[in-house]
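Throughout, numbering of the chain's residues begins at 1 and tracks the sequence.
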Amino acid sequence: MDSTSTVDRDTNNKDDEGEIQTPTSGGKRKETPPTSGASSQPSKVKRLLPTRSDVWVHYTRTKEDRDKCLCNHCQNTFSCLTSSGTSNLRKHLEVCKNHLSWSAGQKNKQPVIDDDGKLKKSLVTEGQFREATNQMMVIGQLPLSFVESVAWKHFVDKTTVFTPHSRRTATKDIVKIYVERKEALKKWFLCNKQRVSLTTDIWVSQTTGYLLSFNH
């Protein structure tokens, strides 16, 4: 038998990769596993859809979990799954005391401009307006009669905020602020137990003399 025919027969029994074909292989090529880098599909990033319900004015999603949200009025946490709707959030607003107080203070619907340049309702309540007025008089050293002056009433009327309180109410509020700040200062000294340097100064007006004390 010719040796050349034997070599040709052995060559025909090999596939393209040099593997010898067996009777069970049926002439099929050897399948190579696909590489992970070439065949793997990139994971799809879930698109965040903008909120359409007006209830989201009163809620903010948490950064840790977008399925949880915080009430902007009472800071309580609620579930806000997209598939569940916003009915539970609306029900909470009906019983939230902070939200009800805020709604009562929005009767005049005073608009403000947000960071995007759009108008929205102010979140200032009547209590906050009253507290800010008292602090303005203390910081600016304004007389208590300022809240009953024509200028202040004109300003409040033009801005349609709230009805200004009387000087008697302002006096009670400012004295209450003084007592609260005094007690807080005492607690601070007891807790810190640090040395404090006191500096005094005398200031005399036309009718009254004042002794000022500065703490360092």
Flag, side chain of [X] to backbone of [Y], donor-acceptor distance under 3.5 Å:
X      : Y      : value
His99  : His73  : no
Asp157 : Lys153 : no
Arg61  : Arg66  : yes
Glu148 : Arg167 : yes
Thr133 : Phe129 : yes
Thr62  : Asp65  : yes

Side-chain contact test, heavy atoms from C-beta onward, threshold under 4.5 Å: evaluate it for [X] versus [Y] and give yes or no.
X      : Y      : answer
Glu180 : Lys176 : yes
Leu144 : Ile174 : yes
Thr199 : Asp201 : no

Cluster overlap [X] with [Y], hydrophobic side-chain contacts below 4.5 Å:
X      : Y      : result
Leu142 : Phe155 : yes
Val138 : Trp152 : yes
Tyr59  : Leu70  : no
Val150 : Val156 : no
Ile177 : Met137 : no

About how many Å separate [atom2] of [Y] and [atom1] of [X], when rounded to the nearest 0.5 Å?
X      : Y      : atom1 : atom2 : answer
Leu93  : Arg90  : CG    : CZ    : 8.0 Å
Gln141 : Met136 : CD    : CE    : 13.5 Å
Asn72  : His58  : CG    : NE2   : 8.5 Å
Lys182 : Lys187 : NZ    : NZ    : 14.0 Å
Lys91  : Leu89  : NZ    : CG    : 11.0 Å

- Message: How about CZ on Phe189, more than 12 heavy atoms from neighbouring residues, nucleotides or ligands closer than 6.0 Å, or not?
- Response: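 Yes, CZ of Phe189 has more than 12 neighbouring heavy atoms, counting only those of other groups under 6.0 Å.
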- Look at atom CG of Leu81 and say whether more than 12 heavy atoms of other residues, nucleotides or ligands are closer to it than 6.0 Å. yes
- Polar contact flag, side-chain donor to acceptor under 3.5 angstrom, Asp67-Ser79: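 Per modelled atom types, Asp67 and Ser79 side chains form no pair under 3.5 Å.
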- Can you name the closest pair of heavy atoms from Cys74 and His92 and give their distance?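 Scanning both residues, the minimum pair turns out to be SG-NE2, 3.3 Å.
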- SB check Arg168 Asp173 (cutoff 4.0 Å):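 Salt bridge flag = no for Asp173 with Arg168.
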